[in-house]
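So the structure is just underneath, and the comments pick up after that.
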Protein chains: 2
Amino acid sequence: MKPEKQERIINAAMKEFVKSGYEKASTNEMVKDAQISKGSLFNYFSNKKDLYFFLIQNAVNIIEQIYVEIDMNERDIFERISQVGFIKLNIQKKYPLVFDFLKSLLEEDAQDVKSDINLLLANIQKNGFKRIYENIDWSKLREDIEPEKAMNILNWTMTGFAELQIAKITSFEDIGIGLFNEWDSYKEILKRCFYKNGEE
Amino acid sequence: MKPEKQERIINAAMKEFVKSGYEKASTNEMVKDAQISKGSLFNYFSNKKDLYFFLIQNAVNIIEQIYVEIDMNERDIFERISQVGFIKLNIQKKYPLVFDFLKSLLEEDAQDVKSDINLLLANIQKNGFKRIYENIDWSKLREDIEPEKAMNILNWTMTGFAELQIAKITSFEDIGIGLFNEWDSYKEILKRCFYKNGEE
DNA sequence: AAAACATTGACCAAAGTGGTCATTTTTTGT
DNA sequence: ACAAAAAATGACCACTTTGGTCAATGTTTT
C-alpha cells in the first residue's frame with residue numbers, strides 16, 4: 001500500500017476516534033474522509049477494534065521516536081524542552097492528530113477497549129515523562145525557585161505557545177523562521193527569571 | 001421547576017454535547033444522566049436545537065457574570081488574573097462543564113447550528129478578552145519585557161495550574177486553602193521575574 | 001372531588017451502525 | 001497482448017439508535 005494512502009487512512013481514522021470516541025466513531029465517516037471504500041478498510045483491518053489498536057500502537061511508536069531523537073548531551077533545560085517542542089511539531093506535520101488521539105485514550109471509557117488501553121499506556125506514562133528530564137543540569141537554577149515549579153511554568157508556556165501557533169497557521173507546512181525567533185524571546189524572558197544572574 | 005433539577009439537566013446536556021458534538025449528542029443519554037424522562041425533556045424544550053441554544057445562552061450569561069464580579073479597581077495584573085481564575089473556579093462548582101462547552105462551540109461544524117453559533121459568540125470574543133485587562137497598571141512591568149508576552153506566560157501558567165488542580169481533585173467542593181498558597185508561590189516567581197526590582 | 005399541571009415510557013419512522021461479498025478494476029508476470 | 005492474481009468497490013444486511021410524540025398516569029392546587 002502506498003504510504004500516502006496509509007497516512008490518509010490513519011489520519012482520517014484518528015480524526016474520527018478523537019471526535020467521537022471509540023464507540024460512536026463511524027467507520028463510514030472514516031472511509032469517506034480517507035477517500036477509500038468500505039470494503040478496503042475492512043480488508044486492511046479485520047474490524048473496528050483491530051483498527052483502533054493499530055492506531056494506538058502506531059501512536060505509541062511515534063512517541064517512542066521522540067526519545068531517540070532527543071540529544072541527551074544537551075543539559076540545559078530550556079534547550080531540552082525546545083528540542084522536544086520542535087520534534088513534536090515535526091511529528092504533527094505528518095500526523096496532526098496523534099497527540100490529541102493519545103490524549104483521547106485517557107478519557108475513553110468504552111468497556112470494550114478500556115482495559116487494553118490502560119495496559120498499553122501504562123509503560124509510556126510511567127517511564128515517559130521522567131526521561132525527558134534525564135541528565136538536566138539543575139544547578140543553573142536560582143536556589144529560591146523550586147525546580148518543579150519552574151519546569152511547570154516552562155512547560156505550560158511552551159504548550160500554550162504551541163497551541164497559539166497551531167491556531168494561527170492553516171497548514172503545518174508553513175512554519176517559518178519567525179516561529180523560532182518568537183519562541184526564543186519567550187525563552188529569554190523565562191531564562192532571565194529562572195537562572196542565577198550571569199549564567200548562560 | 002426545582003433549581004437542583006434544572007442544574008442536573010443543564011449539566012447532563014452540556015456533558016453530552018461536549019462529548020459528542022451537536023449532531024451526535026444523544027437526547028436519550030441526557031435524560032438517562034439527568035434522571036428524567038424523555039417526555040419531560042421535550043416538554044421543557046421543543047426540540048434538540050432549542051435545548052442547544054438555551055445552553056449557549058446560559059453559558060454566555062455565566063461568562064457575562066465574570067465581568068461584573070471583577071474588581072476593576074484592582075490595577076495589579078497578577079491580582080486581576082487571580083481574581084478571574086477564582087471566579088471561574090467558583091462557576092465550575094455549579095457548572096463543571098460550562099467552559100468546555102463554550103470551547104466546544106468553536107469546534108462545532110454541524111451545518112444546522114454553525115452560523116447561529118458564530119453569531120452568538122461574535123460579541124463575547126470581540127469585547128470579552130480586552131475587558132479583563134481594562135485599567136491595568138502596566139508601569140510596574142520591566143521595560144524590557146513585552147506586556148503581551150508577559151500576559152501570555154501568566155495566562156498559560158494559570159490555565160496550566162488550574163488544569164493540574166482540577167485533574168487532582170475529585171469534586172469541586174474540596175478546594176482548600178492549600179490551593180491558594182500553591183498558586184501564590186507561582187505568582188511570586190513570575191512577579192519577581194516580570195516586575196522592576198523592588199516594586200510590589 | 002374536580003380541574004390543572006407535571007411526568008412518564010412504550011412507541012414510531014427514519015437514519016445510521018459495523019461488517020460482508022459478488023463483482024469490477026488495476027497490477028503483475030510472461 | 002493476455003491471463004491470472006491482487007486490490008478496490010459499494011449495494012446490501014440485520015441490527016441499533018435516533019429525535020420526537022402522545023395517551024396514560026401521578027401529583028398539586030383550587
Side-chain angles (χ1 to χ4, degrees), chain A residues 1-58 101 104-105 108-114 116-117, chain B residues 1-58 101 104-105 108-114 116-117:
Chain A
M1 171 157 32
K2 279 170 187 161
E4 179 261 338
K5 188 177 186 175
Q6 197 179 5
E7 262 178 49
R8 243 171 39 223
I9 297 174
I10 290 175
N11 283 327
M14 283 203 295
K15 191 202 256 178
E16 183 64 16
F17 279 122
V18 167
K19 190 180 147 210
S20 306
Y22 175 74
E23 274 190 323
K24 291 201 177 185
S26 160
T27 52
N28 291 333
E29 290 294 319
M30 293 175 197
V31 300
K32 205 189 293 173
D33 191 16
Q35 302 173 75
I36 58 165
S37 71
K38 191 90 165 280
S40 271
L41 183 68
F42 284 96
N43 273 357
Y44 307 141
F45 305 96
S46 56
N47 52 45
K48 194 180 177 181
K49 205 172 177 175
D50 195 41
L51 164 60
Y52 194 59
F53 285 123
F54 169 83
L55 291 179
I56 297 178
Q57 193 55 62
N58 182 252
F101 179 68
S104 79
L105 297 179
E108 181 58 61
D109 56 354
Q111 224 56 43
D112 210 17
V113 294
K114 204 174 177 182
D116 296 78
I117 286 175
Chain B
M1 170 155 37
K2 277 168 186 161
E4 179 260 339
K5 188 178 187 177
Q6 196 179 6
E7 261 178 49
R8 245 171 39 223
I9 297 173
I10 289 175
N11 283 326
M14 282 202 294
K15 193 203 256 180
E16 184 64 16
F17 279 123
V18 168
K19 190 180 147 211
S20 306
Y22 174 72
E23 274 189 323
K24 292 201 176 187
S26 161
T27 52
N28 291 333
E29 288 296 317
M30 293 174 195
V31 299
K32 206 189 292 173
D33 191 18
Q35 301 173 77
I36 59 164
S37 71
K38 192 87 164 282
S40 272
L41 183 68
F42 283 96
N43 272 359
Y44 307 140
F45 306 96
S46 56
N47 52 43
K48 195 181 177 180
K49 205 170 176 177
D50 195 42
L51 164 60
Y52 195 58
F53 286 124
F54 170 83
L55 291 179
I56 296 178
Q57 193 55 62
N58 182 253
F101 179 69
S104 79
L105 296 179
E108 181 60 60
D109 55 354
Q111 224 56 44
D112 212 16
V113 294
K114 203 173 178 181
D116 297 79
I117 287 175

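The residue Lys49(B) sits apart from the nucleic acid: no heavy atom pair falls under 4.0 Å. Asn47(A) comes within 4.0 angstrom of sugar-phosphate atoms only, judged by non-hydrogen atoms across all strands, and of no base. Residue Lys2(B) is classed as having no contact, given no heavy-atom separation below 4.0 Å to the nucleic acid.
By the 4.0 Å N-to-carboxylate-O rule, Glu16(B) lies close enough to Lys24(A) to be salt-bridged with it.
Of the candidates dT21(D), dA8(D), dT18(D), the closest approach to any side-chain atom of Phe42(B) belongs to dT21(D). Minimum atom distance to the side chain of Lys38(A) is reached by dG18(C), of the listed dG20(D), dT7(C), dG18(C).
Closest-nucleotide positions on DNA chain C for Ile36(B) and Glu23(A) were compared, and the one nearer the 5' end corresponds to Ile36(B). Comparing Glu16(A) and Gly39(A) against DNA chain C, the residue whose closest nucleotide sits nearer the 5' end is Glu16(A).
Atom pair Gln6(A):CD and dA7(D):P shows a separation of 14 Å (rounding to whole Å applied). The CG atom of Asn43(B) sits 15 Å away from the C1' atom of dG19(D) (whole-angstrom rounding). Atoms CE (Met30(A)) and P (dG18(C)) sit 7 Å apart, rounded to a whole Å. Separating the OH atom of Tyr52(B) from the P atom of dG20(D) is a distance of 15 Å, rounded to the nearest angstrom. We find that NZ of Lys24(B) is positioned 9 Å from C1' of dG16(C), with the value rounded to whole Å. Atom-to-atom, CZ of Arg8(B) to P of dT7(C) comes out at 10 Å; the value is rounded to the nearest Å. dA15(C) atom P lies 14 Å from atom NZ of Lys32(A), rounded to whole Å. For the pair Asp112(A) CG and dT16(D) P, the computed distance is 15 Å after rounding to whole Å.
Between dT18(D) and Asn28(B), a contact under 4.0 Å exists linking OP1 or OP2 to a side-chain N or O. Regarding contacts with the backbone of dG9(C), every side-chain N or O of Ser37(B) stays at 4.0 angstrom or more from both OP1 and OP2. Within the 4.0 Å cut-off from OP1 or OP2 of dA7(D), not a single side-chain nitrogen or oxygen of Ser40(A) is found. When the side-chain nitrogen and oxygen atoms of Tyr44(A) are compared with OP1 and OP2 of dA8(D), one or more of them lie within a distance under 4.0 Å. Proximity of Lys48(A) to the phosphate of dG18(C): a side-chain N or O atom is located under 4.0 Å from OP1 or OP2.
In the displayed structure, Lys48(A) atom NZ is contacted under 6.0 Å by more than 12 heavy atoms of other residues, nucleotides or ligands.
Ring planes of Phe17(A) and Tyr22(A): parallel class, angle under 30° (limits at 30 and 60°).
Leu55(B) is listed as a side-chain neighbour of Leu51(B), based on a closest heavy-atom distance under 4.5 Å.
No donor-acceptor distance shorter than 3.5 angstrom exists from the side chain of Asp33(A) to the backbone of Glu29(A), with no hydrogens or angles considered.
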